[in-house]
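Protein chains get the first letters and strands the later ones, always in sequence-line order, with residue 1 at the start of each.
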Amino acid sequence: MPIRFHNTLTRRVEEFVPAVAGEVRMYHCGPTVYSSPHIGNFRSFLLGDLLRRYFEWKGLRVLQVMNLTDVGHLLDDAEEGEDKLEAAAQKAKKSAWEIAEHYAQEFFAALDFLGFKPAHHYPRATTHVPEMIAMIETLEDQGVAYRVPSGNVYFDIAKFPAYGRLSGNTAEELEAGARIEVNPEKRDPRDFALWKIDPRHQMQWDAPWGRGFPGWHIECSAMSKKYLGESFDLHTGGEDNVFPHHECEIAQSEAANRKPFVRCWMHVRHLLVDNTKMSKRLGNVHTIEGLKEKGRSGDAIRIALQKAHYREPLNFTLAGLDEAEKKLARYRDLAERLKTDGAGGDALTAAASAEAETQTATAGLALRFDQALAEDLNVSVAFAVLDEAVTEANRRAPRGADALAWLKLLRELWSIFGLLEKSLESAVLPDGSILKLIEEREAARKARNFARSDEIRVLLKQRGIELLDGKDGVRWRRA
RNA sequence: GGGGGCAUAGCCAAGCGGUAAGGCAACGGAUUGCAAAUCCGUUAUUCCCCGGUUCAAAUCCGGGUGCCCCCUCCA
């Protein structure tokens, strides 16, 4: 079935057709590493992870790149304003380099905690300055960049008529806004910096225009070209990136390469927390590390951040996270039951010998799940199908090969959302003393000695083991 | 000030012209030594408000109201 995505470029949902059949090349705007990554960042990054998992499930080969912005950038093109990375460095009495490295590590730790499939490349701006310089030189050769006496180099908007196509920010509209600082260096207020000279900066590189540092936008143009080529299929980021960042990337890349840049642009709506915008002032900025310390699971965070469509508002709350934990417990219980009832067989092979009715039912659910995601990633419907599959598997209480067939389906669907990947594998058996207590309790129950039986239940609960009595004997799980 | 988006049950959230998915919570029932899990059922005459188009509107159009995003190197 065709996959359809909303393309910011056309403002429509349209069929997604990769340049090379069976292969997807995509680039995600990653974090600026000057502070702890928060859940808002990860709503955006999770779109990339979902795309990756969905494409691979569909049998497409994926090449995935996410950049790390670790170069400081001035807040505006005038001489005022603070550089966030350098400001953070000053505050922490560390160098900008140390700050960037510190937060880069925190970012990778968060990716790991949330169970991201690692992208194939995580290029950093600081290690790709030569590529950026080369691209700026090309832009100069093409006559679309100009240098001013201060040494700064700007992109010449007048030479790229398509500027504004992505964001809809035409010259007239920007002027109407009247919020553009007049920078006398520039030929047009919309011109943006490619290379900047500012001796106050800690991070400096030698370049044909003098020792300085690159403009913000050029890094993504240079790095995507290096790892994905001059044209590629998908580019994602937060909605705030549409303008000016992505608008400028298109201008640079297409002007330098003389080729169409990206086929499809996807932008993620900003996350709300407690129904309002996240801000340090309100104290509602949740970092992944902070949630981890509070004992929240990566899987629950994944559900909370992926349960609404990426272009719709999504409200994050701690109560929502509780709800997600319950959903996970339900999933996990079912998986354990299916594993037990599948009698330890190999799900992948045994599922094939399940009854015809099971095959039909599971295939039907998988198809509906696929159809939901194929229509611009309708995750709400996908989750509805998944929950229906869970109810169905509970209701049927399948055995043997049928149990394994259901388990196989559920694992597939869970894995698209990146759920239950680690926890299902790492179910460690309780130690001997616990097993002995469980046996003793079984004996007591047979003898209808419920006093002792309940005593053992409490005892084990204190050791973190919860017992579940069922028709076919006792099961346990970590409480 | 200019541009864009969203408003659906107590909460989260699909549907986008044909008569309101799913989840959480709540309540009733089945099962159960206890506990948990699980299953079944009930819960929006109605989709922010006011007009309009249509045989038919939560869905389209106009006007309000509220919130969000961009125009500030914040995902």
A:Trp265 and A:His246 aromatic ring geometry - parallel, tilted or perpendicular at 30°/60° bounds: tilted
Ignoring hydrogens and angles, answer whether the base of B:rC34 and the side-chain atoms of A:Asp469 contain a donor-acceptor pair closer than 3.5 Å. yes
Parallel under 30°, tilted from 30 to 60°, perpendicular over 60°: which one fits the rings of A:Phe155 and A:Phe192? parallel
Counting side-chain heavy atoms from C-beta on, which of B:rG15, B:rC70, B:rA13 comes nearest to A:His270? B:rC70
Hunt down the Watson-Crick or G-U wobble partner of B:rA25, both distances under 3.5 Å, from any strand shown, or write none. none
On a plain distance test, is the side chain of A:Arg11 in donor-acceptor contact with the base of B:rG3 below 3.5 Å? no
Complementary nucleotide of B:rU38, counting Watson-Crick and G-U pairs under 3.5 Å: B:rA30
When you check the phosphate oxygens OP1 and OP2 of B:rU38, does a side-chain N or O of A:Arg395 lie under 4.0 Å from one of them? no
Contact class for A:Glu323 vs. all strands (heavy atom < 4.0 Å): base, sugar-phosphate, or nothing? base
Check whether any side-chain nitrogen or oxygen of A:Arg330 sits under 4.0 Å from OP1 or OP2 of B:rC39, and answer yes or no. yes
Could you identify the nucleotide paired to B:rC73, looking across every strand shown and requiring Watson-Crick or G-U wobble geometry with both distances under 3.5 Å? none
Pair partner, B:rA44 [Watson-Crick or wobble, under 3.5 Å]: none
Less than 3.5 Å between a donor and an acceptor, one on the side chain of A:Ser453 and one on the base of B:rG33, is that the case here? yes
Examine distances only and state if a side-chain atom of A:Asn315 and a backbone atom of A:Asp274 form a donor-acceptor pair shorter than 3.5 Å. yes
Counting side-chain heavy atoms from C-beta on, which of B:rC68, B:rG23, B:rA75 comes nearest to A:Asp387? B:rG23
Contact class for A:His38 vs. all strands (heavy atom < 4.0 Å): base, sugar-phosphate, or nothing? base
Roughly, in whole Å, what's the span from CG in A:Asn315 to P in B:rG5? 22 Å
Round to a whole Å and report the spacing from CZ of A:Phe192 to P of B:rC73. 13 Å
Closest nucleotide of RNA chain B for A:Met278 versus for A:Lys326: which of these residues is on the 5' side? A:Lys326
Whole angstrom is fine here: how far is it from CZ in A:Arg441 over to P in B:rC34? 12 Å
What nucleotide, of B:rA13, B:rG23, B:rC68, holds the atom closest to the side chain of A:Leu272? B:rC68
Closest listed nucleotide, where the reference is the side chain of A:Pro313 and the choices are B:rC6, B:rA14, B:rG23: B:rC6
Measuring from the side chain of A:Tyr34 (C-beta onward, heavy atoms only), which nucleotide among B:rG33, B:rA13, B:rC74 has the closest atom? B:rC74
Check ion pair A:Asp49-A:Lys117 (N to O, under 4.0 angstrom): no
Any A:Asn394 side-chain nitrogen or oxygen under 4.0 Å from OP1 or OP2 of B:rC39: yes
So that I can tick it off, tell me whether A:Arg445 and A:Asp454 are bridged by a salt bridge, with the cut-off set at under 4.0 angstrom between side-chain N and carboxylate O. no
Take A:Leu467 and A:Asp240, find for each the nucleotide of RNA chain B with the closest heavy atom, and name the residue whose nucleotide sits nearer the 5' end. A:Leu467
P atoms of B:rU53 and B:rC61, separation to the nearest Å: 15 Å
Is A:Arg457 touching bases, backbone alone, or none of the nucleic acid, heavy atoms closer than 4.0 Å? base
Using a 4.0 Å heavy-atom cut-off, does A:Glu388 contact any base of the nucleic acid, only the sugar-phosphate backbone, or nothing at all? nothing
Looking at B:rA14, I'd like to know if its phosphate oxygens (OP1 or OP2) sit under 4.0 Å from a side-chain N or O belonging to A:Ser380. yes
